[in-house]
Number of protein chains: 2
Amino acid sequence: MAAVDRSLVANLPMFAGLTPTEQDELLREARSIRYPKGAAVFDQGAEADRFFLLLHGHLRVEKTTSQGQQSVVRYVSAGELFGVAQAMNLTNYPATAVAAVDSIALAWPSSSWHRLIVKYPSLASTALQTVGSRLQDTQARVMEMSSEQVEQRVAHALLRLAKQAGRKVDAGVEIDFPISRQDVAEMTGTTLHTVSRILSAWEQQGLVEGGRQRIVLCDTHRLHDLAEGEEAVQAHKREP
Amino acid sequence: MAAVDRSLVANLPMFAGLTPTEQDELLREARSIRYPKGAAVFDQGAEADRFFLLLHGHLRVEKTTSQGQQSVVRYVSAGELFGVAQAMNLTNYPATAVAAVDSIALAWPSSSWHRLIVKYPSLASTALQTVGSRLQDTQARVMEMSSEQVEQRVAHALLRLAKQAGRKVDAGVEIDFPISRQDVAEMTGTTLHTVSRILSAWEQQGLVEGGRQRIVLCDTHRLHDLAEGEEAVQAHKREP
DNA sequence: CGACGAAGTTGAGCTGGCGCAACCTAGGCC
DNA sequence: GGCCTAGGTTGCGCCAGCTCAACTTCGTCG
């Protein structure tokens, strides 16, 4: 087990408000683990025996219904707390987390959770904020799915991904991990066919640039308009 | 301000794990407030200056998009903590809470939140569990909206409502507060027209009993089947 | 280097359920 | 009691997007 240096993590939300000594104490209880691309950090339904902090990489969190329908719940980026099922009083993980790229995470035993939050109340606050902002995101998604067209939802999803994991490149902002049309479809509640058609159309208009497991947003401003329900680009719609 | 007796609340999750003295201390900082049917406890966007515990009644929590699309986020029942926006580091309430029936809630100033969780760590755990289970519910809704037909979603919604706020009556289980077709539509991401059609059809088959702002589930078992995607009732579908 | 598979594209047709519209019905209020 | 309005029902036409299907492109592994 590699020792993790405090300086790597000291300015993450999870460690904010703790003294260097406390930070070291917390780190000493954690294990650092490597997950190669494609590896599962935990599986839906498995006993929630650990919680994690992602140090490096990106994870895809996915959930499968009893009927076998799979969908992408969210992506986790470096610095985020995840797998805190135990803190919400779940005994099993409600979803599967898979490394979208080679990743590194810190893991603590779930059994220490209670002791830790009593000792470091700021940890509870951090977790509450983490879970709270996830709740916000998820509720936003519900609202989108209730009232928006597929095209708007895809635009929203891409913008959110770009904000969370965008990397500036020449052509615009690239999503910083491999993501398929299927993945986008599972995030927006549609089919890969429809996503493919939409992205093709956008590419023609210069809004995005595609590629195998790759999406670059070229015109985020226009995409934002689309997400908010503006009419499509070159359509000269007039209502006399 | 009426004094609230500890015995009324002692066995709620929020007060579990506290000594009677601590329970009294917590109660002494709260105000008890009556909300007549239709009154707003707080409004979306308002400053989140208080958090609440519902003592009696039912609240409808609704959210409106920037485009004016409204939707029902959830219903709150007696004993639940709500309005904990501040704990998730939000400065404003993300939704509106309206009394579905005459209701009573305890209110604490948001400013005491931090002090309280340091003093009573179990409070943080309770809040985390509350928010966590909401996250679970909301994610379940996302999955439903991605993969289920409208009829299944309505069935799921009714079953959830019945579990949360069902009252046993002669004909079956009645939802214990006034709820319109429009409300159900806003919970399931459809229109009141479609909900009305579905409920009419179900009523013919004896699955539910309707009425003005009133729904009684008569055959929860069959509804459960429908929710899980079984074929419609009298349809003799065979696949040879 | 060839070939196999995973990812993506594109066409054609069908349909669930939305939009619109007209119409009932039950309370509440004067 | 009669009016007025919010809530509910129902018919009809249409279209966004799903399904099914055929095909292309790219990466990788033997």
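Each chain gets a letter, A, B and so on, in the order the sequences are listed, and its residues count up from 1. Both backbone and side-chain heavy atoms feed into the values below; hydrogens, waters and symmetry mates do not.
- The side-chain heavy atoms of B:L54 and B:S103, taken from C-beta on, include a pair separated by under 4.5 Å.
- Within residues 173-182 of chain B, the residues approaching DNA chain D are B:S180, B:R181, by heavy-atom distance under 4.0 Å.
- B:E148 pairs by the salt bridge (Lys or Arg N to Asp or Glu O under 4.0 Å) definition with nothing, not counting sequence neighbours.
- Put simply, CG on A:L199 is 9 Å from P on C:dG8, counting in whole angstrom units.
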Contact list (N/O, under 3.5 angstrom) for nucleotides 21-25 of chain C vs protein:
| from | atom 1 | to | atom 2 | distance (Å) |
| --- | --- | --- | --- | --- |
| C:dA21 | N6 | B:H193 | ND1 | 3.3 |

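- Comparing A:G211 and B:R153 by the nucleotide of DNA chain C whose heavy atom lies nearest to each, the residue mapping closer to the 5' end is A:G211.
- Here the side chains of A:L59 and A:Y35 are not in contact, with every heavy-atom distance at 4.5 Å or above.
- Each of A:T194 and B:S200 was matched to the nucleotide of DNA chain D holding its nearest heavy atom; the match closer to the 5' end belongs to B:S200.
- The two residues A:S110 and A:Q86 have their closest heavy-atom pair at CB-CG, 3.4 Å.
- Using a 4.5 Å heavy-atom threshold, the side chains of B:W202 and B:R222 count as separate.
- In this structure the side chain of B:V169 reaches within 4.5 angstrom of the side chain of B:V216, judged on heavy atoms.
- Read 5' to 3', the first and last nucleotides of DNA chain D with an atom closer than 4.0 Å to a heavy atom of chain A are D:dA16 to D:dG27.
- Using a 4.5 Å heavy-atom threshold, the side chains of A:V131 and A:L135 count as separate.
- A sub-4.0 Å separation between OP1 or OP2 of C:dT10 and a side-chain N or O of A:S196 is absent.
- No side-chain heavy atom of B:Q44 sits under 4.5 Å from any side-chain heavy atom of B:Q70.
- Taking a cutoff of 4.0 Å between a charged side-chain nitrogen and a carboxylate oxygen, B:R160 and B:E144 qualify as a salt bridge.
- Among residues two or more places apart in sequence or in another chain, the ring pair (Phe, Tyr, Trp, His ring centres under 6.0 Å) test is passed with B:Y75 by B:F177.
- Each end of the helix from C:dC1-D:dG30 to C:dC30-D:dG1 yields a helix axis from five base pairs, and these two axes differ in direction by 40° (to the nearest 10 degrees).
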